[in-house]
Amino acid sequence: STMSFSEAEVQSARGAWEKIYVDAEDNGTTVLVRMFTEHPDTKSYFTHFTGMDSAEEMKQSDQVRGHGKKVFTAINDMVQHLDNTEAFLGILNPLGKKHATQLKIDPKNFKIICDIILQLMEEKFGGDCKASFEKVTNEICTHLNNVYKEAGW
């Protein structure tokens, strides 16, 4: 399945993403902390986060910060390849496979994290910023779900 981003969509999605990626670690951390706080069951996947109850504690955690940055770096790699489905899937597929087979992360969590990223974009940079990135998060979630299906979920 190929992605159909017009040149204009690619450009505006990259522009939107750049704004939030400038502070990848802080914004990535905010996204994770929000997910753990609003969806506490997601913490169960991260054994070293389970003892942390306060958002403050999580924000200070090197592990949370490290993983927040990791998530944003992976998305950034995908954003660089919106005009090349093969390269995009070359990043997404192994990542999806790892989360499905080794980490056994419920795929609904990808939708949660993408929605929080969009929410943060809207809060910080307005609705246009969010709108121009929505198609990207949809593609990411759609393709991740396909990887999960293939892995037997």
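Note: hydrogens, waters and symmetry copies are ignored here, and every other heavy atom, side chains too, is used. Please read all numbers here as calculations on a predicted model, not as lab measurements.
- Asp115 meets the side-chain hydrogen bond (donor to acceptor under 3.5 Å, both in side chains) test with Lys111; sequence neighbours excluded.
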Practice problem: Verify side chain to side chain contact (heavy atoms under 4.5 Å, CB included) between Phe125 and Phe133, making sure each step is shown before the conclusion. | Solution: CA-CA 12 Å; Phe125 311 108; Phe133 203 67; over 6 Å; no

Check residues 27-34 and write down every donor-acceptor pair under 3.5 Å in which the side-chain atom is one partner and the other belongs to a residue at least two apart or another chain.
{"residue": "Asn27", "atom": "OD1", "partner": "Lys124", "partner atom": "NZ", "Å": "3.3"}
{"residue": "Asn27", "atom": "ND2", "partner": "Ile20", "partner atom": "O", "Å": "2.9"}
{"residue": "Asn27", "atom": "ND2", "partner": "Asp23", "partner atom": "O", "Å": "3.4"}
{"residue": "Thr29", "atom": "OG1", "partner": "Glu25", "partner atom": "O", "Å": "2.6"}
{"residue": "Thr30", "atom": "OG1", "partner": "Asp26", "partner atom": "O", "Å": "2.9"}
{"residue": "Arg34", "atom": "NH1", "partner": "Gln119", "partner atom": "OE1", "Å": "3.2"}
{"residue": "Arg34", "atom": "NH1", "partner": "Glu123", "partner atom": "OE1", "Å": "3.4"}
{"residue": "Arg34", "atom": "NH1", "partner": "Glu123", "partner atom": "OE2", "Å": "3.0"}
{"residue": "Arg34", "atom": "NH2", "partner": "Glu123", "partner atom": "OE1", "Å": "2.9"}

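- Interatomic distance, Met78 CE to Thr137 OG1, rounded to the nearest 0.5 Å: 12.0 Å.
- Scanning all heavy atoms of the two residues, the minimum distance from Leu144 to Gly96 falls at CD2-CA, 3.6 Å.
- Glu9 and Ser4 get closest at one heavy-atom pair: OE1-O, 3.7 Å.
- Summarising the local packing, CG of Asn84 is surrounded by more than 12 heavy atoms from other residues, nucleotides or ligands at distances under 6.0 Å.
- Between the side chains of Glu150 and Asn146, no donor N or O sits under 3.5 Å from an acceptor N or O.
- No chain of hydrophobic side-chain contacts below 4.5 Å, direct or via other Ile, Leu, Val, Met, Phe, Trp or Tyr residues, connects Val22 to Leu118.
- Partners of Lys130 according to the side-chain hydrogen bond (donor to acceptor under 3.5 Å, both in side chains) rule, which considers only residues two or more places apart in sequence or in another chain, do not exist here.
- A centroid separation of 6.0 Å or more is found between the aromatic rings of Phe88 and Phe5.
- Pairs passing the salt bridge (Lys or Arg N to Asp or Glu O under 4.0 Å) check and including a residue from residues 40-57, sequence neighbours excluded, read Asp41-Lys108, Lys43-Asp53, Glu56-Lys59.
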Exercise. Mind running side chain to side chain contact (heavy atoms under 4.5 Å, CB included) on Tyr45 and Phe36 for me, showing each step along the way?
Key: CA-CA 10 Å; Tyr45 294 108; Phe36 294 145; over 6 Å; no

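- In terms of the side chain to side chain contact (heavy atoms under 4.5 Å, CB included) criterion, residue partners of Asp77 (sequence neighbours excluded) are, by chain and number, Thr73, Ile91.
- Heavy-atom neighbours of Glu86 CD from other residues, nucleotides or ligands within 6.0 Å: at or below the threshold of 12.
- For the pair Arg65 (side chain) and Gln60 (backbone), a donor-acceptor distance under 3.5 Å is absent.
- Screening Val147, Ile75, Thr85 for a side chain to side chain contact (heavy atoms under 4.5 Å, CB included) with Leu92, the sole residue that qualifies is Val147.
- Note that CE of Met121 and CG of Asp128 are 12.5 Å apart. Values are rounded to the nearest 0.5 Å.
- Of all non-hydrogen atoms in Ala100 and Ala151, the two that sit nearest each other are CB-CB, 4.1 Å.
- Going from atom NE2 of His39 over to atom CG of Asn109 covers 8.5 Å, rounded to the nearest 0.5 Å.
- Atoms CG and CD, from Leu89 and Glu139 in turn, are 9.0 Å apart once rounded to the nearest 0.5 Å.
- Judged as a side-chain hydrogen bond (donor to acceptor under 3.5 Å, both in side chains), and not counting sequence neighbours, the contacts of Gln11 are Glu7.
- If you take SG on Cys114 and CE on Met35, they are separated by 11.0 Å, rounding to the nearest 0.5 Å.
- Note that the CH2 atom of Trp153 and the CD1 atom of Ile105 stand 8.0 Å from one another [nearest 0.5 Å].
- No donor-acceptor pair under 3.5 Å is formed between the side chain of Asn76 and the backbone N or O of Phe72.
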